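Lettering follows sequence order; numbering is per chain, from 1. Note that the coordinates shown come from a computational prediction; the quantities given were computed from them, not determined experimentally.
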Amino acid sequence: MKRRDFLEAVGRYGAVAAGWSLSQLVAPSHHAALSSLLVPMDDSQSDHLKAYGLTYRVIKAGGKAEWLLNYRGGSFLLSDGEAIRRDAALNGVVVEAAGDAHVSAVRGEIAGTNADAVPLEKAPRVAVYVPPNAQPWDDAVTMALQYAGIPFDKLWDPEVLGNALHDYDWLHLHHEDFTGQYSKFFLIYTGQPWLNEMVSFNEAARRRLGLPSVPAMKKAVAREIRRYVANGGFLFAMCTATETIDLALAAHDVDIAASFADGTPMDPDADAKLDWSQTFAFTGAHLEHDPQIASFSDIDGHQVNAGPRRQPLGAFKLFNFSAKIDPVPTMLVQSHRDVIADFYGLTTSFMRERLKPGVTVLADEEGAPWVKYIHGDLEKGTWTFFGGHDPEDPQHQIGDPPTDLSLHPHSPGYRLILNNVLFPAAKKRELKT
Amino acid sequence: MRHVEPVRAAITAALLACVVFADPVSAQAIGQGFELERQGHVSQAASLYEGVLRAEPANLPALLGLERVLPALGRVSALVPLLERAMAVDSNAAIRALAVRTFTVLEQDDSAAAVVRRWAAAQPHDPGPWREWAIALADRQRFDAAREVLLEGRRTLGMPDALAIETSELAQRTGDWQTAAAEWGRALSGQAGRIAGAVGELEEAPADQHERVIRALTVGAAAIEARQVAAQLLLGWGDPVRAWETLTPTLDPPTPQTALALRSFAERAGGGGPEVRRVRGLALARLGDLLPGPLAARARAEAVRALLDAGDRVTARQVLTKLAGDPAAPPDAQILGETALVETLIDDGQLDSATSALSRLAAEPRAGGEERERLRHALVRAWIGTGRLDRAEAALGADSSVDGLALRGWVRLYRGDLRAALELFRAAGPYAGDRNATTARTSMLALLEQVDGERSPELGAALLALARGDSSAALAGLRHAADRLPGSRGRPDVLLLAGRIAAAQGGGQEQTAAALFAEVVRSGGQGAAAPAAELEWARLLRRQAKPAEASAHLEHLILTYPGSAVVPEARRELERVKGAIPKS
């Protein structure tokens with residue numbers, strides 16, 4: 001549900017099951033004495049990522065689910081049922097039968113520690129913004145959703161500009177370049193088939209939409225996504241999409257694209273003309289003017305493709321929020337690991353000095369001038385930005401083999417992505433953040 | 001054009017030299033300018049550089065600093081008067097190059113042309129002016145203009161191969177790989193030292209351009225060096241046979257470059273499949289004909305190894321003959337030759353001759369013990385492959401190594417002596433042989449542990465048929481043996497093995513495999529065979545494009561045998577059936 005809906009949804013529980021198989025999923029268990037199943041998310045869990053899919057399916061089927069924030073790595077408490085046990089067994093998800101006494105003990109422990117129980121109400125309708133030719137393993141979120149078994153639809157520019165976002169609660173953006181410069185690979189990788197295909201897809205979409213250039217089309221898409229969030233949508237962005245959507249929004253009346261993209265050079269005074277009041281997260285950034293350097297601005301701390309400006313990878317640390325006072329950021333940082341190895345993307349991190357006031361930092365690298373994972377509100381909606389491309393492929397160079405998530409079922413980086421998918425399912429409570 | 005990087009590196013070096021040797025005051029100011037740039041204070045940096053130039057009009061670091069910062073300030077044109085002053089006092093090539101770049105950025109082509117022509121007139125044999133101008137134009141995506149400049153430079157310099165590498169790189173950048181290859185062809189003539197560079201550049205061509213590149217490098221009167229580049233490219237692009245055919249005509253008459261070309265080719269063929277290994281062997285054999293004394297013997301020994309790895313025993317034998325008749329061959333090459341001879345005889349099935357050759361090698365004190373042991377075990381396996389278990393045991397002799405114990409275990413197993421085989425496999429432990437041998441032995445150990453009784457000649461015979469590659473006889477023999485096993489256990493495990501063999505045979509045997517798996521699942525009880533059979537059954541169904549049935553079996557397996565060791569494999573197989581595992 002969109003945020004505006006869940007703001008109004010206090011007290012509603014138990015959505016209608018979506019179909020017979022889903023209804024089966026929440027049919028009561030023969031284990032009459034056991035009322036619940038605990039899905040531990042600490043080191044005893046054998047597949048952390050699929051645990052999110054299990055929980056999503058229970059919610060979608062109208063079953064009861066609670067997210068036990070900061071309890072055993074952010075565990076889930078599900079209503080018991082044969083079908084849920086079967087789903088867990090098939091997917092290799094560890095579940096523990098929990099009788100009423102056990103559940104009471106858990107609640108007692110939660111009450112006395114920095115933990116909380118958040119009811120999960122309705123499975124969000126998920127959309128992923130990717131070009132139609134993208135392989136499932138081009139995008140970390142697509143991979144995570146597919147691996148966890150969470151259904152999603154793919155949208156691209158024509159659908160976004162055709163008002164399709166209205167049908168979704170949660171939207172993900174990945175390595176799209178909203179400045180319309182093909183990730184600034186145009187000059188570096190001239191002649192490569194994958195680049196030719198990227199250019200031809202974008203040009204075809206631009207012609208279909210009757211827009212003057214690809215940068216103009218991407219700006220229009222960025223504005224539509226902003227409108228979607230302002231109206232209550234949940235936005236989760238990674239990699240280049242984080243930085244470039246803000247640059248595209250700030251540049252609504254400025255040419256920030258090199259001539260290869262739109263036939264005209266970048267406005268030499270573009271920096272001074274950017275309107276940061278329109279952006280989600282960043283302010284006061286300086287653009288990268290060289291069309292041959294695959295970097296967009298000084299928002300990114302790591303500058304992976306900017307030669308001597310490139311910074312080495314370290315590790316980032318998740319913040320420890322107060323679960324009872326700040327449940328939203330607490331949900332977003334649920335993990336069985338506090339410190340996670342960093343990973344590059346075309347945008348890897350966000351310079352602290354470029355963040356707008358009011359942005360919540362969820363994870364940073366100690367002692368470094370950049371942060372990794374941020375969150376904020378925009379009118380009725382929320383957004384979360386996570387730097388980097390693929391948490392289990394730190395270098396992520398063109399031509400690298402795709403990540404096989406079945407070999408990384410405990411990935412803490414991918415858990416952060418899936419936290420974001422379940423976060424819109426949470427029932428609204430008074431939030432301090 | 002990638003020449004940008006060397007040029008920039010040269011300018012950086014010049015710049016550093018200037019900083020080191022310049023007036024300390026201006027050097028300090030330049031250092032401050034760098035720092036301001038790093039902090040993003042480009043306007044202040046520009047003021048600082050302009051201040052330095054007022055005192056030293058031709059200060060190169062300051063001029064280059066302005067080249068970096070003025071674009072961000074939208075003031076590139078402010079560089080023009082400063083450059084004119086600088087050129088009036090210093091005709092340094094770096095300043096002229098900067099002027100060319102600046103005029104090109106400002107699209108003042110006439111001014112850029114004037115600088116280039118003055119520069120070229122002053123240094124008529126230097127391709128630098130034309131190169132700088134072309135790079136500047138290419139950096140502005142004006143590829144056609146850059147090409148015109150390179151061609152004008154070539155005409156002016158009066159050399160048909162002048163600026164060929166730059167023209168090639170420009171063509172490459174615009175995706176015109178055929179022209180890029182043709183220009184490399186010009187640049188390579190008589191320039192063997194450029195071969196590696198040409199290979200490095202052209203091997204990046206996309207697959208649909210490979211044929212054009214090769215044609216451009218081998219057309220008509222192409223230079224020997226260009227053909228050798230084509231050969232190396234073909235090798236890298238997975239066509240070793242054509243690569244060797246392209247290289248061969250360049251080898252006669254031999255020149256000093258010929259040996260280098262053969263060595264490079266052989267090194268490039270260092271890995272890969274049998275065809276790659278074969279052409280490596282052929283190149284090393286030719287190299288052996290060109291090199292003197294001990295070097296020739298070493299090359300031939302390497303050639304024999306590569307040819308044997310590739311399965312080309314005929315050519316290997318020819319090279320071995322040369323090696324054996326070479327009195328100058330060093331002892332290690334001779335031993336390598338003898339070793340290769342034993343391998344060749346084993347591979348040819350001449351096991352009596354191999355036995356004799358191995359005996360000779362055993363008497364050679366310089367031959368390594370490990371190598372002799374390796375050959376002895378290969379001979380034992382070969383005797384087993386012929387079914388001559390008595391000869392296999394004789395070849396083993398009193399061998400008490402772990403590999404020897406493992407091999408003796410197989411011989412006993414094939415004789416039907418299950419208990420002895422079990423004990424020998426246990427004694428051999430988990431480290432004998434390579435990974436495949438270890439896996440095969442461990443699997444067999446697991447099967448034998450399920451069977452009661454000490455002897456089963458039927459099972460031994462069936463397994464020997466399997467070892468000899470007679471799958472049909474093995475399949476029939478295993479089904480027969482399963483019904484006659486001593487004791488009450490082991491039948492499902494033997495039928496599971498039979499099912500796996502049938503499934504591997506494919507075709508009409510898949511139905512037999514499915515029936516065998518079904519029987520094991522039905523009758524296997526709580527043992528390990530039943531879930532393993534269900535997993536194999538699901539895999540068979542997936543290969544038969546029946547994903548729904550495969551999923552049903554995998555789900556049944558996971559839910560019915562949650563403690564089975566194959567459950568993680570079953571879950572991964574389930575992912576594969578769903579298409580969730582990427583194809584890498």
Side-chain angles (χ1 to χ4, degrees), chain A residues 46-47 50 82 85-93 135-138 142-143 145-149 186-196 258-260 263 265-272 284-292 298 307-309 353 400-407 409, chain B residues 2 4-5 8 12 38-42 68-77 105 107 138-143 170-177 180 204-209 551 554-562 567-576 578-584:
Chain A
S46 56
D47 198 321
K50 287 201 180 239
E82 288 296 345
R85 287 168 180 260
R86 181 177 188 276
D87 187 328
L90 287 176
N91 285 291
V93 177
Q135 292 293 320
W137 30 86
D138 280 351
T142 309
M143 276 193 288
L145 292 170
Q146 188 163 337
Y147 182 72
F186 191 86
L187 303 180
I188 307 164
Y189 292 101
T190 299
Q192 294 292 320
W194 57 267
L195 178 65
N196 293 342
S259 56
F260 66 77
M266 182 193 289
D267 185 331
D269 295 325
D271 274 5
H286 298 293
L287 297 164
E288 170 58 62
H289 285 251
D290 189 333
Q292 301 213 62
D298 59 359
R309 299 208 304 268
E353 63 184 12
D400 278 356
T403 297
D404 178 355
L405 274 188
S406 64
L407 304 176
Chain B
R2 292 181 195 156
V4 140
E5 288 311 319
R8 283 192 180 150
T12 306
R38 199 184 64 74
Q39 293 170 359
H41 303 312
V42 288
R68 290 192 299 275
V69 299
L70 290 181
L73 299 169
R75 291 179 47 216
V76 178
S77 57
V105 167
E107 299 187 355
D139 284 350
R140 307 292 297 170
Q141 314 308 308
R142 295 174 61 190
F143 299 121
L170 182 65
Q172 183 179 331
R173 198 164 159 183
T174 56
D176 181 0
W177 288 92
E204 292 177 16
D208 62 353
Q209 296 293 315
S551 291
L554 291 166
E555 291 185 0
H556 177 262
L557 188 173
I558 294 166
L559 297 169
T560 311
Y561 312 99
V567 164
E569 271 189 84
R571 286 206 182 97
R572 191 167 164 76
E573 194 66 32
L574 196 53
E575 294 293 315
R576 190 171 280 121
K578 291 178 191 167
I581 292 184
K583 301 173 187 72
S584 55

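Of the inter-residue distances, the one linking B:Q172 atom CD with B:Q209 atom CD reads 11.0 Å to the nearest 0.5 angstrom.
The closest donor-acceptor contact from the side chain of A:S46 to the backbone of A:G92 lies under 3.5 Å. A donor-acceptor contact shorter than 3.5 Å links the side chain of B:T174 to the backbone of B:A171.
Looking only at side-chain heavy atoms (C-beta outward), A:D271 and A:H289 come within less than 4.5 Å of each other.
Ranked by heavy-atom pairs shorter than 4.5 Å toward chain A, the options B:R75, B:R38, B:R140, B:E575 are led by B:E575. Your options are A:D47, A:D298, A:N91, and the one with the most heavy-atom pairs under 4.5 Å with chain B is A:N91.
Neither the backbone nor the side chain of A:D267 comes within less than 4.5 Å of any heavy atom in chain B.
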